[in-house]
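Accompanying notes for the structure given below.
Remember, predicted model here, so these are calculated numbers, not experimental data.
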Amino acid sequence: MDSKSGREREDEVEELPPEKRQKVNAEQETKPQELAKPESKKSGGGGGHQVLGALKKIGAHIGTLSKFKKASSLLRQLFDQDVLTVELGEETFKVIAASMSDTSRCQDPTLRKEYYRLISSACDHCTLFNNQQRLQLEVYQIWGVLLSEMHTDDNFVFNKVLKKIQEIMELLPEATEVDENAYKDWEALSKVNDEPNCGSSGKEKESVDPFDLDALLDTGGKKKESSTWSPELCLVARREAVVDCLKTAKEKYRFAWACTSVDILLNAAHKYKSRFCLPQQETIDELWRFTKKGKAVRKQGPSAVEIRRDTTSFEQARSEWSKTSVSHRGKVGGGGDHKSEMWLG
C-alpha cells in the first residue's frame, strides 16, 4: 500500500523532466472518464428492458378502439425520443400491425389524423425493420397516409394523391392463380380480425386480464403467430388498399372540382384491372360504370337542383332580377296625385 501523501506525489511530479511530467498528468486526467464508462453501459441496458416492457403494454391496448389514441400517442413518443433500436424492431412492428388489424378504422373521421401521424412516424424510422416488414409498412402507408390525404378540399393535394395511386397500380404485376389463392387467405384473415374479441371489446379483455400481465409475461408453451405477411399476402393487401382508395375517390365525385380527376383514376384502374384479383375486378368494373354514367349526366348539363345547390343566394337573386323589366324612370311623376313633385323639384 502506498503511504505517500498527495503533497509528496505532487513534489515528485514537479521534479520530473517536462516530457514525463506531461505524460503523468495526462494519465491522471483520463482515469475518471474510464471509470465512468461501465456505469453508462449499465444504465443503457436497463433502459432497453423498460422500453421493451412499454412496447408490450402499448401493444396490448392499441388494438382496442377506445384506447387507440392514447396508445398510439405513446408509441409516437418512443419514435420521437429515438429509444427504439433494431433489436426492438420485431416487437415495434408487432405493435404497428396490431394497430392496423382493422384497416377500416383508417377512414374513421375521429381516428384518421392519429393513424396518419402513427404510420408517418413508423415510415420515418423504417430502418428498424427488415425488408419484408418494410414492404408491409408501405401497404400500411396507403391506408394510413394516402387515404387520409384524400379527405381534403384542396384540388392540388387531391390530384397529387390520385397520381400516386395511379403510379402504384402501374407497378402491380398481373394477377395469377397464386394471387387468387392468396386472396382467399386474406379474406380469412380479415374475418378473424373483424371478430368482436379481436381488439374491439375492451371490457372483456380487462375482465380476463385486469392487470395486463399477459403483455409482460412470456407465453413459452404457445406458438406465437407472426405479424409479418408473406410476399403473396403482402401483394394482395396492396391491391386491396388500392381498391379502398378507388372507393374513397368515388365518394369525392359529388364535388365538381374532383370529377375529372376521379374519371381519369377510375379509367386507369379499369385499364389495369387484370392486375387485380377477380373479386377486386368486379369492384373496379362497378366503379367504372359509375364514372361512365356520371360523364354522360355531365354532358347533359346541370339540373335545376344542382344549379341552386352550387350557387349562392346573391347569385340566385341576381338571376331573378335580370328577368324583370323595370323602367329607369319608373312611375315617379307619371300619374297619381303628383305628390312626388314636391321633393323632386
For [X] and [Y], indicate whether the former's side chain and the latter's backbone hold a donor-acceptor pair under 3.5 Å.
X      : Y      : value
Tyr115 : Ser99  : yes
Gln280 : Cys277 : yes
Thr291 : Leu287 : no
Lys67  : Ala60  : no
Ser72  : Phe68  : no
His61  : Ala71  : no
Ser121 : Arg117 : yes
Gln107 : Leu147 : no
Gln136 : Ser227 : yes

Indicate, with yes or no, if [Y] and [X] share a hydrophobic cluster defined by side-chain heavy-atom contacts under 4.5 Å among Ile, Leu, Val, Met, Phe, Trp and Tyr.
X      : Y      : value
Phe290 : Tyr272 : yes
Val51  : Val86  : no
Trp257 : Val161 : yes
Tyr183 : Val178 : no
Val145 : Leu128 : yes

Check the pair Asp263, Tyr253 against side chain to side chain contact (heavy atoms under 4.5 Å, CB included), reporting the backbone distance first and the verdict last.
CA-CA 9 Å; Asp263 286 339; Tyr253 205 80; 2.9 Å; yes
I'd like to check [X] versus [Y] (side-chain heavy atoms, cut-off strictly below 4.5 Å). Are they in contact?
X      : Y      : result
Leu266 : Lys292 : no
Ile142 : Lys164 : no
Leu235 : Glu232 : no
Asp124 : Phe79  : no
Arg239 : Asp179 : yes
Ile168 : Leu146 : yes
Leu88  : Leu52  : yes

In Å, rounded to the nearest 0.5 Å, how long is the span from [atom1] of [X] to [atom2] of [Y]?
X      : Y      : atom1 : atom2 : value
Met100 : Ile62  : CE    : CD1   : 10.5 Å
Asp80  : Leu75  : CG    : CG    : 9.5 Å
Trp143 : Glu138 : CH2   : CD    : 13.0 Å
Cys234 : Trp186 : SG    : CH2   : 9.0 Å
Phe93  : Leu137 : CZ    : CG    : 6.5 Å
Met169 : Glu167 : CE    : CD    : 10.0 Å

Given side chain to side chain contact (heavy atoms under 4.5 Å, CB included), test Glu90 with Gln133 step by step and report yes or no.
CA-CA 9 Å; Glu90 184 68 28; Gln133 290 171 344; 2.9 Å; yes
Go through the steps for Arg76 and Glu114 under the test salt bridge (charged side-chain N to carboxylate O under 4.0 Å, His left out), then give the verdict.
CA-CA 10 Å; Arg76 287 191 292 107; Glu114 187 59 37; 2.9 Å; yes
Apply side chain to side chain contact (heavy atoms under 4.5 Å, CB included) to Thr283 and Lys247, showing your working.
CA-CA 9 Å; Thr283 303; Lys247 293 178 182 178; 3.7 Å; yes
Around [X], counting heavy atoms of other residues, nucleotides and ligands shown, do more than 12 lie under 6.0 Å from its [atom1]?
X      : atom1 : result
Glu174 : CD    : yes
Asp154 : CG    : yes
Glu286 : CD    : no
Lys295 : NZ    : yes

Audit row: Asn181, Asp185, side chain to side chain donor-acceptor pair (under 3.5 Å) steps and yes/no:
CA-CA 7 Å; Asn181 295 330; Asp185 296 338; over 6 Å; no
State, to 0.1 Å, how close [X] and [Y] come at their nearest heavy-atom pair, and which atoms those are.
X      : Y      : value
Leu55  : Leu78  : CD2-CD1, 3.8 Å
Arg275 : Leu171 : NH1-N, 4.2 Å
Ala182 : Leu233 : O-CD1, 3.7 Å

Using the six-membered ring wherever Trp is involved, compare the ring planes of His270 and Trp288 and label them parallel, tilted or perpendicular (cut-offs 30° and 60°).
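Correct class here is parallel.
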What residues, two or more places apart in sequence or in another chain, satisfy salt bridge (charged side-chain N to carboxylate O under 4.0 Å, His left out) together with Asp285?
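Checked Asp285 against salt bridge (charged side-chain N to carboxylate O under 4.0 Å, His left out); matches are Lys273.
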The single option from Trp229, Tyr116, Phe129 passing ring pair (Phe, Tyr, Trp, His ring centres under 6.0 Å) against Tyr140:
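The single option meeting the ring pair (Phe, Tyr, Trp, His ring centres under 6.0 Å) with Tyr140 is Trp229.
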Please determine whether side chain to side chain contact (heavy atoms under 4.5 Å, CB included) holds for the pair Gln166 and Ile264, giving the CA-CA distance in whole Å, both sets of side-chain angles, and the decisive distance to 0.1 Å.
CA-CA 9 Å; Gln166 188 170 346; Ile264 295 173; 4.3 Å; yes
